[in-house]
Number of protein chains: 2
Amino acid sequence: MTVPTGRRERKKAATRQKIADTALRLFLERGYDAVGIREVAAEADVAVTTLFSHFASKEALVFEQDQHFARSLVRAVTERAPHEPLVPALRREIEALVRHCTADEAAPVWRMIDASPALRSYEDSMRLRHAELLADALAADPGLSRTTTACRTLARFVIDAYTVAREAADPQAALDEIFPMIEAAWAVTRPTGSPADPA
Amino acid sequence: MTVPTGRRERKKAATRQKIADTALRLFLERGYDAVGIREVAAEADVAVTTLFSHFASKEALVFEQDQHFARSLVRAVTERAPHEPLVPALRREIEALVRHCTADEAAPVWRMIDASPALRSYEDSMRLRHAELLADALAADPGLSRTTTACRTLARFVIDAYTVAREAADPQAALDEIFPMIEAAWAVTRPTGSPADPA
DNA sequence: ACAGTAACACTAACGGTTAGCTTTTTGGAA
DNA sequence: TTCCAAAAAGCTAACCGTTAGTGTTACTGT
């Protein structure tokens with residue numbers, strides 16, 4: 001009953017991947033709303049219950065990879081060089097993420113997402129979960145010492161930057177505009193127990 | 001065939017209100033997830049299809065009134081005194097909205113919302129729609145002349161302030177912390193065609 | 001070889017939502 | 001006053017995402 005040695009995990013991962021690939025293919029071919037779960041399961045040659053044991057919802061099939069998003073941002077905070085300023089580190093990561101999802105190759109997927117209210121709504125909530133994870137990472141950073149409120153606010157601002165930039169005509173220009181705003185917002189926060197705080 | 005004179009509209013509004021009141025009562029009595037749509041309809045003495053002709057979804061029954069939210073924020077922008085600075089006007093409105101929803105009377109409703117992932121998710125998307133409306137109002141204000149990106153970013157920041165403050169232990173203190181950040185962020189934006197912009 | 005368990009399958013249902021169609025109510029015109 | 005068109009409400013029957021319950025197969029460590 002220790003960790004399984006391999007084949008089982010590989011088969012599971014293969015099944016998961018086959019489901020995700022099949023789903024994305026069908027969704028892109030015929031539209032997200034026009035393809036039912038039963039159809040995806042049949043085409044991937046698995047039972048509906050199996051599909052739902054790998055993915056929590058139909059929308060999750062589309063955002064299969066997006067734990068990567070939150071992890072990248074958290075890592076940008078936790079693994080930045082000592083004394084490296086926070087906001088530029090976050091900016092670099094957001095720029096990379098925006099470039100990644102505005103690449104030509106990804107365009108059909110994002111067109112599909114934009115066309116489906118269910119997917120848009122799912123992404124909204126997902127991003128907010130990501131913001132919470134980022135806020136936790138900020139709150140845990142011993143070099144920052146900001147209040148919970150400041151951390152949660154900055155985390156949301158950063159997620160906002162991603163979303164607004166992604167939808168802008170020129171994402172890079174948008175980030176050039178948004179990050180000075182974030183920088184200024186962060187600059188007016190003070191470490192807890194700083195001179196201005198008599199506590 | 002001109003505009004209906006009244007009775008029809010009144011009856012329709014009465015039906016809508018009865019459905020909303022019944023739904024909220026049942027949800028609070030027995031929990032949002034434990035009460036089905038068919039049950040709400042039966043208790044309100046209407047057909048299920050009638051219920052859905054008044055409300056787009058089960059969640060919408062709970063947030064029945066929240067067009068008020070977006071309208072208040074938009075009005076705070078459009079109807080502020082000439083040359084009155086923007087951010088303080090928005091702050092006053094957000095403070096009022098936060099006080100309103102953290103009032104003791106509203107507590108059971110918010111506890112119910114917090115307990116249901118479906119409702120939380122619905123609210124997330126709703127607030128983002130509100131942010132878009134606010135962004136449109138900002139973009140339309142002739143006294144501001146900021147880029148679309150700056151308007152959308154500020155709108156999201158303001159919505160973030162509402163959400164973070166509402167969930168904070170001390171909402172008023174949270175706003176005291178967040179709005180200086182927003183103020184600073186807005187201060188670094190420049191009207192289009194300002195001195196620094198050679199265009 | 002064997003026991004335990006993880007993965008998968010099947011059936012049947014539940015709950016939100018919608019389509020299609022009929023009936024009632026209402027406002028205004030003949 | 002009577003009658004018509006349209007709005008509102010109703011009923012039935014389904015669709016679709018999702019889950020519970022219950023087996024069955026396949027793999028792992030002993």
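Each chain gets a letter, A, B and so on, in the order its sequence line appears, and its residues count up from 1.
The residue among B:Arg16 and A:Val48 whose nearest nucleotide of DNA chain D lies closer to the 5′ end is B:Arg16. Nearest-nucleotide positions on DNA chain D place B:Val46 closer to the 5' end than the other of A:Phe52 and B:Val46.
Between A:Lys58 atom NZ and D:dT19 atom P the separation is 15 Å, expressed in whole Å. Remark: C1' of C:dC8 and CZ of A:Phe55 are 15 Å apart, rounded to the nearest angstrom. A:Glu9 has its CD atom 10 Å from the P atom of D:dG29, to the nearest Å. One interatomic measurement links the two molecules: CG of B:Asp45 to C1' of D:dC11, which rounds to 14 Å at whole-angstrom precision.
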Output side-chain donor-acceptor pairs under 3.5 Å for residues 40-53 of chain A, partner residues at least two apart or in another chain, one line each.
unit_1  : atom_1 : unit_2  : atom_2 : d
A:Glu43 : OE2    : A:Arg25 : NH2    : 3.1
A:Ser53 : OG     : A:Thr50 : O      : 2.8

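For D:dC27, one of the phosphate oxygens OP1 or OP2 lies less than 4.0 angstrom from a side-chain nitrogen or oxygen of A:Lys11. Taking 4.0 angstrom as the limit, B:Thr49 places none of its side-chain polar atoms (N or O) nearer than this to OP1 or OP2 of D:dA9. Close to D:dA9, at under 4.0 Å from its OP1 or OP2, lies a side-chain N or O of B:Thr15. Close to D:dA9, at under 4.0 Å from its OP1 or OP2, lies a side-chain N or O of B:His54.
Hydrophobic clustering (ILVMFWY, side-chain heavy atoms < 4.5 Å, transitive): A:Leu128 and B:Met126 are in distinct clusters.
With ring centers used as reference points, B:Phe63 lies 6.0 Å or more from B:Phe69.
A donor-acceptor contact under 3.5 Å is not formed by the side chain of A:Ser53 with the base of C:dC8. No hydrogens or angles were tested; on distance alone, a donor-acceptor pair under 3.5 Å links the side chain of B:Arg38 to the base of C:dT17.
Counting only distance, with no hydrogens or angles, the side chain of A:Ser125 and the backbone of A:Tyr122 share no donor-acceptor pair below 3.5 Å.
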